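Bear in mind the structure is a predicted one, so any value in this text is a computation, not a measurement.
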Amino acid sequence: GINCLGCVLLLVDSILMPFTLAFEVKFTAFFMFMAWFACIFWAIDLLMNFVTGYIERDRVVMNIRKTAKRYITSWFVVHLTVLVIDWVSLLNYYGQKGNCSDCPVPVRARIVSFLKVGRFLRLFAEVSSGRLAQVQNALEQVAGMAGLSLHTKFFCGLVRLVSFILWLNHLGSCLWWIFVSRMDIHNDTVASWHKQ
């Protein structure tokens with residue numbers, strides 16, 4: 001359950017983060033809700049990782065000291081870094097503009113939001129730690145219990161592949177827009193294209 005919710009947050013983050021970095025997005029109630037929800041969720045997730053068991057040599061280890069030590073020596077620093085950046089960004093936004101929901105992102109908040117590229121570290125960490133594979137296995141088990149055929153699993157794999165390709169295009173487009181909008185435009189053709 002919590003792994004699925006984490007995957008949904010990663011998906012939303014991976015779509016919205018490049019978009020908010022590329023364009024001057026106004027922080028609506030939706031963005032603020034997602035920012036607060038994500039910060040709180042990842043803070044709870046960070047704490048839960050200290051007591052989450054793991055498998056070692058075909059047995060489940062549930063000893064709190066061992067799980068905490070394993071977490072601290074593996075992904076704790078990455079998770080904590082990204083979490084601190086998230087909280088600093090959120091609190092910086094409120095420090096700059098208060099509760100203004102229709103204001104563009106302030107300059108200092110844009111600098112801190114650029115640091116949110118560190119959220120890709122979270123995506124990398126979740127993929128590397130096997131959490132996404134656990135969600136995929138759980139979904140495959142549910143599909144098996146529902147009696148879905150191999151064709152359905154193939155179709156789901158195809159949808160996942162196409163979604164990944166679309167996400168890469170989204171990421172590339174946002175990065176291209178950041179590059180084009182920040183460069184000094186001397187060419188009239190590029191300048192007219194950029195203004196359109």
- Task: Mind jotting down which residue pairs meet the salt bridge (charged side-chain N to carboxylate O under 4.0 Å, His left out) criterion with at least one end in residues 35-56? Sequence neighbours excluded, please.
- Result: D45-R131
- Can you run down the side chain to side chain donor-acceptor pair (under 3.5 Å) pairs that involve residues 155-164, sequence neighbours left out, and say none if there aren't any? none
- Message: According to a hydrophobic-cluster definition based on side-chain heavy atoms being under 4.5 Å apart (Ile, Leu, Val, Met, Phe, Trp, Tyr only), do M48 and M62 belong together?
- Response: no
- Query: Run the side-chain contact (heavy atoms from CB on, under 4.5 Å) check on F37 and L9 step by step: do they pass?
  - Reply: CA-CA 9 Å; F37 184 78; L9 282 175; 3.8 Å; yes
- Search all heavy atoms of S14 against all heavy atoms of H170 and return the closest pair with its distance. O-CD2, 4.2 Å
- Should V61 and Y71 be regarded as members of a common hydrophobic cluster, given that ILVMFWY residues are connected when their side-chain heavy atoms come within less than 4.5 Å of each other, either directly or indirectly? no
- Item | Interatomic distance, D86 atom CG to T81 atom OG1 [nearest 0.5 angstrom] | 11.0 Å
- Item | F164: partners by side-chain contact (heavy atoms from CB on, under 4.5 Å), with sequence neighbours left out | W167, L168
- Item | Connected via hydrophobic side-chain network under 4.5 Å: W176 and L166 | no
- Item | Residues forming a side chain to side chain donor-acceptor pair (under 3.5 Å) with W36, sequence neighbours excluded | Y94
- Take atom CD1 in I40; do more than 12 heavy atoms of anything else shown fall under 6.0 Å from it? yes
- Message: Using 0.5 Å steps for rounding, measure from the CD1 atom of I44 to the CG atom of N49.
- Response: 12.0 Å
- Note on the structure: Shortest non-hydrogen pair, C174 vs P18, comes out as CB-O, 3.6 Å
- Task: With side-chain contact (heavy atoms from CB on, under 4.5 Å) as the test, would you mind laying out the steps for V60 and Y54 before giving the verdict?
- Result: CA-CA 6 Å; V60 178; Y54 62 95; over 6 Å; no
- Note on the structure: The reported gap from CG in L47 to CH2 in W42 (rounded to nearest 0.5 angstrom) is 13.5 Å
- Query: Remaining members of L158's ILVMFWY cluster at a side-chain heavy-atom cut-off under 4.5 Å?
  - Reply: none
- Under the side-chain contact (heavy atoms from CB on, under 4.5 Å) rule, what do D13 and M34 come out as? Steps first, then yes or no, please. CA-CA 9 Å; D13 226 11; M34 289 304 296; over 6 Å; no
- Query: Are V162 and L11 connected, step by step, through hydrophobic side chains (Ile, Leu, Val, Met, Phe, Trp, Tyr) whose heavy atoms are closer than 4.5 Å?
  - Reply: no
- Message: Could you go through F154 and V159, starting from their C-alpha distance and side-chain angles, then the distance that decides it, and tell me whether this counts as side-chain contact (heavy atoms from CB on, under 4.5 Å)?
- Response: CA-CA 9 Å; F154 173 76; V159 167; over 6 Å; no
- Task: Could you tell me whether a side-chain N or O of T67 sits under 3.5 Å from a main-chain N or O of F50, the two making a donor and an acceptor?
- Result: yes
- Is it the case that one hydrophobic cluster holds both F41 and F33, taking links as side-chain heavy atoms less than 4.5 Å apart, direct or via other members? yes
- Message: By the salt bridge (charged side-chain N to carboxylate O under 4.0 Å, His left out) test, which pairs, at least two apart or in different chains, include something from residues 60-78?
- Response: none
- Rounded to the nearest 0.5 angstrom, the CZ-CG distance for F30 and L16 is 5.5 Å
